[in-house]
Protein chains: 2
Amino acid sequence: MTHGLMCSQPFVYSELVQRLKKSGLRPTRQRVILANILFGRGARHLTAEQLHREVRDNALRISLATVYNTLNQFVDAGLLREIQGQGQQTYFDTRTEDHFHFVLPQNGGLVDFPAHGVDFAKLPALPPGTEIDRVEVTIHLKPLGKA
Amino acid sequence: MTHGLMCSQPFVYSELVQRLKKSGLRPTRQRVILANILFGRGARHLTAEQLHREVRDNALRISLATVYNTLNQFVDAGLLREIQGQGQQTYFDTRTEDHFHFVLPQNGGLVDFPAHGVDFAKLPALPPGTEIDRVEVTIHLKPLGKA
DNA sequence: GTGGTTGCAAACCCTTTGCATAGAC
DNA sequence: GTCTATGCAAAGGGTTTGCAACCAC
């Protein structure tokens, strides 16, 4: 089993291929590379641009359009979650299990915290004919002591 | 007290001017018109585009660029709050007091619910050197009974 | 009069799309 | 061989910016 990417976790090719196939996605060269970067390490909140740069940092090249398309396919397949940050660029979150986010004061960066960090004593009455799909909690932070 | 805009609430010119001045903004024609639309009625979540259309619906005209610039000035002044919807367009919320949002299943539209609709039994430990600025709760809804 | 504000158009950024080529099965 | 995925460049949508004319004080 050879692999051309340096990464903290081993490139388990067959595992990634399996995961893609199970999601109904052909395991093309590009999708395997992107899946490896996304799921092979601990990376969390990536923009398409950042992911594209990581590809190039590994001396590979995939067009930015394909990065975008692939990210959207992964979202549709439930492998990724889309989150809207502060600016108008979309972040893609490799965690699909329930969790929430801190927004850091300095740079607007996102930090995860687990779902069990929050407990609701009460939730509001819902509009008729609806139920909760999911609840999003985002805690905006500020530096201690500042107004 | 005359006013050129049809709206459900009276155009209290001096009140709007006062509010703008207090925020350090010159009460220009354009800012007063926009403030009147934003704060004179019960409007809630507007995009720049929607606000621009409302201006034209009142037989007035303000350039879209000025609408954008004014909205950003109002946000900086604390008169509005910026919220990121589902797409990549920014919504501006005329409520600055604490409240949260439902995201409707049909169209991704936003509906307010008051802050007292939620109670937290528990909040997570914060990163060192930070405190909570504000907590955002967004409840994504789905049609009853659908997966 | 002075300095902030507006309007227009062009620029900008992020993202998607059309179409020919390349690749998976 | 067939059908899907990719790459490129161009288009697209939303938002910001540069600069001359304009307006509030």
Side-chain angles (χ1 to χ4, degrees), chain A residues 13-14 16-38 45-56 60-77 79-80 82-93 108, chain B residues 13-14 16-37 45-56 60-77 79-93 108:
Chain A
Y13 178 80
S14 58
L16 289 173
V17 169
Q18 223 43 48
R19 191 162 181 187
L20 290 172
K21 279 188 176 169
K22 217 179 299 179
S23 303
L25 295 169
R26 283 193 186 172
T28 64
R29 188 183 75 91
Q30 291 83 343
R31 296 212 263 236
V32 173
I33 290 172
L34 293 175
N36 182 51
I37 295 178
L38 289 167
H45 314 109
L46 287 166
T47 63
E49 203 74 53
Q50 290 168 348
L51 180 54
H52 190 230
R53 184 169 311 114
E54 281 204 40
V55 172
R56 307 188 80 109
L60 298 167
R61 56 181 313 295
I62 299 177
S63 79
L64 184 56
T66 297
V67 172
Y68 271 104
N69 292 337
T70 303
L71 284 169
N72 286 333
Q73 290 154 2
F74 283 10
V75 169
D76 290 344
L79 299 173
L80 291 177
E82 210 172 334
I83 44 182
Q84 300 296 353
Q86 294 308 78
Q88 56 274 3
Q89 61 189 4
T90 305
Y91 283 79
F92 294 89
D93 195 331
Chain B
Y13 179 81
S14 58
L16 289 173
V17 169
Q18 223 43 50
R19 192 162 180 185
L20 291 172
K21 280 187 176 169
K22 217 179 299 177
S23 302
L25 296 168
R26 281 193 188 172
T28 63
R29 189 183 76 90
Q30 290 84 343
R31 297 211 263 235
V32 173
I33 291 171
L34 294 174
N36 183 51
I37 295 178
H45 315 108
L46 287 165
T47 62
E49 203 72 54
Q50 290 168 347
L51 180 54
H52 190 231
R53 185 169 311 113
E54 281 204 41
V55 172
R56 307 189 79 110
L60 297 167
R61 56 181 312 294
I62 299 178
S63 79
L64 183 57
T66 297
V67 172
Y68 272 106
N69 291 336
T70 303
L71 283 169
N72 287 332
Q73 290 154 1
F74 283 10
V75 169
D76 291 344
L79 299 173
L80 290 176
R81 184 176 289 180
E82 208 173 337
I83 44 183
Q84 300 295 355
Q86 293 309 78
Q88 56 273 4
Q89 63 189 4
T90 305
Y91 283 80
F92 295 88
D93 194 331

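Basis for what follows: all heavy atoms, side chains included, without hydrogens, waters or symmetry-related copies. Lettering of chains follows the sequences in order, A, B, ..., and the numbering in each one begins at 1.
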Margin query: Show, in sequence, the C-alpha distance, side-chain angles and deciding distance for B/N69 and B/F74, and conclude whether the side-chain contact (heavy atoms from CB on, under 4.5 Å) test is met.
Written below: CA-CA 9 Å; B/N69 291 336; B/F74 283 10; over 6 Å; no

Check: side chain to side chain contact (heavy atoms under 4.5 Å, CB included) with B/L34: which of B/L60, B/V55, B/L71?
Finding: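 Of all the options given, the one that passes is B/V55.
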
By side-chain contact (heavy atoms from CB on, under 4.5 Å), A/T90 pairs with (sequence neighbours left out) A/E82, A/Q84, A/F92

How far apart are the closest heavy atoms of B/Q50 and B/H45, and which atoms are they?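 Where B/Q50 meets B/H45 most closely, the heavy atoms are OE1-O, 3.5 Å.
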
Rounded to whole angstrom units, what separation is found between the [atom1] atom of [X] and the [atom2] atom of [N]?
| X | N | atom1 | atom2 | answer |
| --- | --- | --- | --- | --- |
| A/K21 | D/dT4 | NZ | P | 17 Å |
| B/N69 | D/dT16 | CG | C1' | 7 Å |
| B/R29 | D/dC25 | CZ | P | 15 Å |
| B/Q73 | D/dT16 | CD | C1' | 13 Å |
| B/Q30 | D/dC23 | CD | P | 9 Å |
| B/R31 | D/dC23 | CZ | P | 15 Å |
| B/R26 | D/dC23 | CZ | C1' | 8 Å |

Can you tabulate the close N/O pairs, meaning under 3.5 Å, that link protein atoms to atoms of nucleotides 12-15 of chain D?
{"unit_1": "D/dG14", "atom_1": "OP1", "unit_2": "B/Q89", "atom_2": "OE1", "d": "3.2"}
{"unit_1": "D/dT15", "atom_1": "OP1", "unit_2": "B/T90", "atom_2": "N", "d": "2.7"}
{"unit_1": "D/dT15", "atom_1": "OP1", "unit_2": "B/T90", "atom_2": "OG1", "d": "3.1"}
{"unit_1": "D/dT15", "atom_1": "OP2", "unit_2": "B/Y68", "atom_2": "OH", "d": "2.3"}
{"unit_1": "D/dT15", "atom_1": "O5'", "unit_2": "B/Y68", "atom_2": "OH", "d": "3.3"}

Exercise. Please identify each residue that fulfils side chain to side chain donor-acceptor pair (under 3.5 Å) with B/T66, with sequence neighbours left out.
Key: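 Scan of B/T66 (side chain to side chain donor-acceptor pair (under 3.5 Å), adjacent residues dropped) gives B/S63.
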
(message) If the condition is side chain to side chain donor-acceptor pair (under 3.5 Å), which residues does A/R31 pass it with, not counting sequence neighbours?
(response)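 A/R31 satisfies side chain to side chain donor-acceptor pair (under 3.5 Å) with A/Q73 once adjacent residues are dropped.
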
| Are the side chain of B/N36 and the backbone of B/V32 linked by a donor-acceptor contact shorter than 3.5 Å? | no

Is the shortest side-chain N/O distance from A/T66 to OP1 or OP2 of D/dT6 below 4.0 Å?
->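 Answer no for this pair, as no side-chain N or O of A/T66 is under 4.0 Å from OP1 or OP2.
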
#### Entry: First-last contacting nucleotides on DNA chain C - partner chain A, under 4.0 angstrom, heavy atom
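Contact span on the strand: C/dC14 to C/dC25.
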
### Query
5'-most contact on DNA chain C: A/P27 or B/T70, nearest heavy atom basis?
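Looking at the nearest nucleotide for each, B/T70 comes out on the 5' side.
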
Test side-chain contact (heavy atoms from CB on, under 4.5 Å) on A/V67 and A/Q30 and set out the steps. CA-CA 8 Å; A/V67 172; A/Q30 291 83 343; over 6 Å; no

Under the rule for ring-ring contact (aromatic ring centres under 6.0 Å, His included), what residues qualify as partners of A/H52, not counting sequence neighbours?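 Expected list: none.
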
